*Asks:* 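Following this message is one structure expressed as structure tokens.
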Amino acid sequence: MHEHRQQARIFSVQRMSTEDGPGIRTTVFFEGCSLACDWCHNPESIDRQPRAIWHGWKCMACDSCLAVCKRGAIERHEEGLRVDAQRCAGCGACSDACPTTAMEPKALVRDLESLLAEVARDRAYYDRSGGGVTVSGGEPTLQAPFVQAFLEACQAAGLHTTLDTCGQCGTEVLRSLISHADLVLYDLKLMDEDSHRQHTGHGLARILGNLEAIWAGDDAGSAPPLWIRTPLIPGVTATPAGVQAIGRFLAERLGDRVQRWELCAFNNLCQDKYQRLGLDWAYQGQASMGMPELEVLAQAARASGVEPSLVHMSGPGVQS
Ligand code: SF4
Ligand code: SF4
């Protein structure tokens with residue numbers, strides 16, 4: 001247990017983020033996810049299998065990585081290198097041999113102290129902008145002991161903390177983490193059980209149950225405020241009726257615990273990630289969402305019963 005509190009598998013630390021809570025933030029992306037949304041923009045985060053990732057634009061085709069891989073997991077194809085996820089053991093030999101960092105481990109094992117030191121470096125930006133640190137993923141609740149210790153350490157260091165979760169976890173796990181979070185970003189994608197199961201791999205029981213237990217119960221006032229986030233996925237969540245169903249739930253069950261409801265416009269910027277990982281993406285070729293379509297959905301949200309000023313739009317190029 002002690003070790004789990006001190007180390008975690010993290011696939012990225014993004015500084016200067018303005019998308020994951022208020023102000024300028026550092027977002028820590030934890031590996032592993034409890035859902036499997038078919039539109040996922042961080043496909044490298046879903047499983048927790050160690051493996052290498054190839055970044056074509058940095059590659060100088062020296063073949064050093066192929067020479068050191070004892071498992072024959074790297075293959076050269078017409079379009080570049082491909083790492084066979086089944087054969088790769090995540091040993092890191094190819095990354096060590098690569099002269100340009102074109103071959104990198106999917107995730108790194110990080111210890112709490114070095115991670116805290118890294119996020120604390122931007123304290124001046126947080127202080128000036130009202131920002132702080134966000135734990136995201138993947139799904140950070142899957143590495144709860146470490147995340148709890150990390151959030152606690154951030155708060156002790158005077159840093160504002162935000163937990164970004166899909167809510168697919170046990171209620172007690174969630175309680176243990178939000179006790180050290182100043183804000184919670186909570187994904188709510190669909191209110192239709194069958195559709196949720198079809199597109200994310202799980203039903204809604206835990207996700208809605210956690211919201212009810214923590215933010216609609218007797219002690220709701222002591223829980224941190226919520227920012228609800230809804231990804232607008234063409235043909236799945238991006239319908240006025242779907243958005244309104246979410247809005248009705250927020251208004252009727254969570255009331256003033258919701259500080260903001262963010263509608264996140266679909267974009268296709270992750271297409272090349274899927275190619276790099278050798279995975280197919282169900283939304284390949286789907287155009288990013290434009291402002292007119294987004295406005296229609298925002299209007300539906302504002303008319304759903306929530307306080308209209310809580311509704312915000314986000315996405316590349318969106319000014320809300
Ligand atoms: S991480 Fe190890 S097994 Fe995987 S591709 Fe690199 S050298 Fe081969
Ligand atoms: S070692 Fe690095 S630069 Fe050389 S072929 Fe492999 S990925 Fe490309």
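Bear in mind the structure is a predicted one, so any value in this text is a computation, not a measurement. Each ligand, and each atom within it, is numbered from 1 in the order the structure gives.
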*Asks:* Just need the protein heavy atom nearest to atom 3 (S) of ligand 2, so name the residue and atom and give the distance.
*Replies:*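 That would be Met60 N, 3.4 Å.
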*Asks:* Identify, by atom number and element, the atoms of ligand 2 in contact range of Cys65, meaning under 4.0 Å from any of its heavy atoms.
*Replies:*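 This gives 1 (S), 5 (S), 6 (Fe), 7 (S) as the contact atoms.
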*Asks:* Going by atom types only, do Gln284 and Asn268 share a side-chain donor-acceptor pair under 3.5 Å?
*Replies:*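 No, no side-chain donor-acceptor contact under 3.5 Å.
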*Asks:* How far is atom 6 (Fe) of ligand 1 from its nearest protein heavy atom, and which residue and atom is that?
*Replies:*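 Looking at atom 6 (Fe) of ligand 1, the protein heavy atom closest to it is Cys94 SG, 2.3 Å.
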*Asks:* With heavy-atom distances below 4.0 Å as the criterion, list the atoms of ligand 1 near Gly92.
*Replies:*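 Result: 1 (S), 2 (Fe).
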*Asks:* Got an N, O or S from Cys59 under 2.8 Å of atom 8 (Fe) of ligand 2?
*Replies:*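 Checking Cys59: at least one N, O or S atom is under 2.8 Å.
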*Asks:* Hey, can you tell me if Trp281 and Phe266 have their rings parallel, tilted or perpendicular (30° and 60° cut-offs)?
*Replies:*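 Correct class here is parallel.
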*Asks:* Suppose we only count N/O/S atoms under 2.8 Å; would Cys69 qualify as near atom 8 (Fe) of ligand 1?
*Replies:*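 It does: Cys69 brings an N, O or S atom closer than 2.8 Å to atom 8 (Fe) of ligand 1.
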*Asks:* Return the residue, atom name and 0.1 Å-rounded distance of the protein heavy atom closest to atom 5 (S) of ligand 1.
*Replies:*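 Heavy-atom neighbour on the protein nearest atom 5 (S) of ligand 1: Ile74 CG1, 3.6 Å.
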*Asks:* In terms of atom number and element, which parts of ligand 1 are under 4.0 angstrom from non-hydrogen atoms of Ala89?
*Replies:*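 Close to Ala89: 3 (S), 4 (Fe).
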*Asks:* So which heavy atom in the protein is nearest atom 4 (Fe) of ligand 1, and how far is it from that ligand atom?
*Replies:*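 Residue, atom and distance for the closest contact: Cys88 SG, 2.4 Å.
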*Asks:* Less than 4.5 Å apart, side chain to side chain, heavy atoms only: is that true for Phe11 and Asn42?
*Replies:*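 In short, these two side chains touch, coming nearer than 4.5 Å.
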